[in-house]
Amino acid sequence: MKNRILPQININRLEQMLSDFAQIGKTDKGGVTRLTLTNVDQQARDLLISISKTAGFKVRIDNFGNIFIRRNGLEDLPVVMTGSHGDSQPRGGRYDGIYGVLAGLEVLLTLNDFNIQTRHPIELVMWTNEEGSRFTPAMMGSAIFTEQLEIEAAYKIKDKDGISVKEALEKIGYIGTDKVIGQPIKAVIEAHIEQGPILELNNQTIGIVTGAFGQRWFEVKLTGLAMHAGTTPVNMRQDAILGMAHCIVALNRLALKPSSNDVRLTVGMITASPNSRNVVADEAFFTIDMRHYDADLLADLEIQLRSELTSIADQLNLNINIQRVLSMPAIHFDEQCIDAVRKAVTKNHYASREMISGAGHDACHLSTIAPTSMIFIPCIKGLSHNESEAITTEWCQAGANVLLDTLLILAENGGD
């Protein structure tokens, strides 16, 4: 990057905030476990609100615990929104989600430092339960804000210990009373680590995110016959685990076909019954996560997937049940928001690329109600949802400076 014309973010302050938040739920290997609506999540929320109120920003909390931090504009105009989430995966990384929250907070603090006024108000949001690691589904707070999920239904969802979302919100004191749904929004920009290796491998500092992959999730159950492992010849078995193994290999082969065009196919969860070392399994269950940007290709791949897995089951004398349990369309972000990010990148002379997110983010829900885009920075070796997740000071500063200039463009102070 060439010498930047002021204003620019205070990298020392941003890195200190990132370090402070990384102590909340810190793991032995330097990551964080900060599951949504737990005591450590409460501590992170409290710290965010404390910093924000000290800086003079208005703080609101809605009835799902989403936190809205506003820096007023010169006029009563639709808000320009930024932010991400503060919860993590179990033994997750210290930058996933929280980088976008604290980069947004640093932008607001920088505007204070330089006494910069924008026509539109800028609002930072920390969304509740983006990860979905304690309560399912993921991206719950933004789904409620965009009215894609009914709050009363969400309140009743329980974790593995039988604690409901509403009970957890009440326990940490974060059922707010502020009415925020329906407010006019001019634009939304979410900053995030890439969670993949592409930017670093190509020596690029900023990802200009143009959309997100469509997703289809499946649950597959194979049913055979439980038999004695010592007395039943292999060629006479109805082995559900063998069927699952064949299916997983077939799925990987399908994903690697040139015609699949870089589809993402993942088997992430498996179980077997009776799960005994000397019994041929009579049931095997596994999940499939399929992602791509092309809706027609996803539809064609689902047909191929069902055909290949059914054929395997028939060959091994197994019954098979394939259920699609999630279907999310590909997201196409707003061209004007994307162009604002492009202009901010050009101003700062960063190496960049336009890219599609393979992961879901709160921005995906928000794009259904407002013009939206995202800014990615690299993470070392592409690691995320991992305690070893890391970024460099250069990337940290670059992402926040691009966020600053993008928000200045959209909030209209002449920053473009």
Side-chain angles (χ1 to χ4, degrees), residues 132 136-139 142-143 146 148 190 192 194-199 201-202 204 207-222 243-270 285-315 320-335 337-338 341 352-368 371-376 382 384-385:
T136 303
M139 301 181 289
S142 55
T146 55
Q148 298 177 63
E190 180 176 356
H192 209 282
E194 179 195 351
Q195 300 185 278
I198 295 172
L199 289 172
L201 285 174
N202 289 277
Q204 292 163 323
I208 303 167
V209 187
T210 60
F213 277 16
Q215 301 181 38
R216 297 189 184 190
W217 290 2
F218 304 90
E219 293 182 349
V220 182
K221 183 178 179 181
L222 291 162
M244 178 169 63
H246 278 274
C247 287
I248 292 171
V249 171
L251 289 167
N252 192 62
R253 187 166 55 243
L254 177 61
L256 293 173
K257 287 172 60 176
S259 60
S260 294
N261 193 25
D262 199 30
V263 71
R264 311 291 161 82
L265 267 172
T266 305
V267 173
M269 179 187 297
I270 61 174
F285 168 88
F286 60 99
T287 61
I288 305 170
D289 179 320
M290 181 170 70
R291 307 187 187 206
H292 199 269
Y293 198 55
D294 187 306
D296 291 337
L297 187 142
L298 275 178
D300 182 61
L301 283 168
E302 179 172 345
I303 293 170
Q304 294 182 58
L305 175 154
R306 289 180 180 274
S307 175
E308 292 210 23
L309 269 54
T310 300
S311 176
I312 289 168
D314 290 344
Q315 291 168 24
I320 188 168
N321 180 266
I322 305 170
Q323 289 191 346
R324 191 199 317 155
V325 296
L326 174 74
S327 181
M328 292 178 58
I331 301 296
H332 300 265
F333 286 146
D334 177 76
E335 184 58 34
C337 288
I338 295 168
V341 178
S352 66
R353 70 185 295 127
E354 299 194 4
M355 59 196 309
I356 299 166
S357 175
H361 298 280
D362 290 308
C364 296
H365 282 325
L366 294 164
S367 70
T368 66
T372 302
S373 187
M374 296 185 70
I375 298 163
F376 279 172
S384 184
H385 290 182

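The minimum heavy-atom distance linking Ala313 with Leu222 is given by the pair CB-CD2, 4.1 Å. Counting all heavy atoms, side chain and backbone alike, Ser373 lies closest to Ile338 at OG-CG1, 3.6 Å. What you find for Ala212 and Ala359 is that their closest heavy atoms are CB-O, 4.2 Å. The two residues Gln215 and Gly360 have their closest heavy-atom pair at NE2-N, 3.9 Å. Between His365 and Ser142, the shortest heavy-atom distance links the atoms CD2-OG, 3.3 Å.
The line from OG of Ser357 to CZ of Arg291 is 8.5 Å long, rounded to the nearest 0.5 Å. Residue His192 holds its NE2 atom at 12.5 Å from CD1 of Ile375, rounded to the nearest 0.5 Å. With rounding to the nearest 0.5 angstrom, the CZ atom of Phe218 is 3.5 Å from the CD atom of Glu302. Going from atom CH2 of Trp217 over to atom CE of Met269 covers 9.0 Å, rounded to the nearest 0.5 Å. Interatomic distance, Ser259 OG to Gln304 CD, rounded to the nearest 0.5 Å: 6.0 Å.
Counting only heavy atoms from C-beta outward, the side chains of Ser327 and Arg216 approach each other to under 4.5 Å. Using a 4.5 Å cut-off on side-chain heavy atoms (C-beta onward), Arg353 and Leu199 make contact. The closest side-chain heavy-atom distance from Thr372 to Ile331 is not below 4.5 Å. Considering only heavy atoms from C-beta on, Arg324 stays 4.5 Å or farther from Met290 through its side chain. Between Met355 and Gln204 there is no side-chain heavy-atom pair separated by less than 4.5 Å. In this structure, Leu305 and Leu265 have side chains that are in contact, with non-hydrogen atoms separated by less than 4.5 Å.
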Show me, pair by pair, the donor-acceptor contacts under 3.5 angstrom made by side chains of residues 245-255, not counting sequence neighbours?
none

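Annotation: side-chain contact (heavy atoms from CB on, under 4.5 Å) contacts of Asn261 (sequence neighbours excluded): His292, Leu297. For Phe376, the ring pair (Phe, Tyr, Trp, His ring centres under 6.0 Å) partners are His361, not counting sequence neighbours. Under the side-chain contact (heavy atoms from CB on, under 4.5 Å) criterion, Ile356 pairs with Thr210, Phe213, Tyr293, sequence neighbours left out. The side-chain contact (heavy atoms from CB on, under 4.5 Å) test applied to Thr310 returns Asp314, Ile320, Ile322, not counting sequence neighbours. The side-chain contact (heavy atoms from CB on, under 4.5 Å) search around Thr368 returns Thr146, Gln148, not counting sequence neighbours.
Under a cut-off of 6.0 angstrom, the local environment of CD1 in Ile270 is sparse, with at most 12 non-hydrogen atoms contributed by other residues, nucleotides or ligands.
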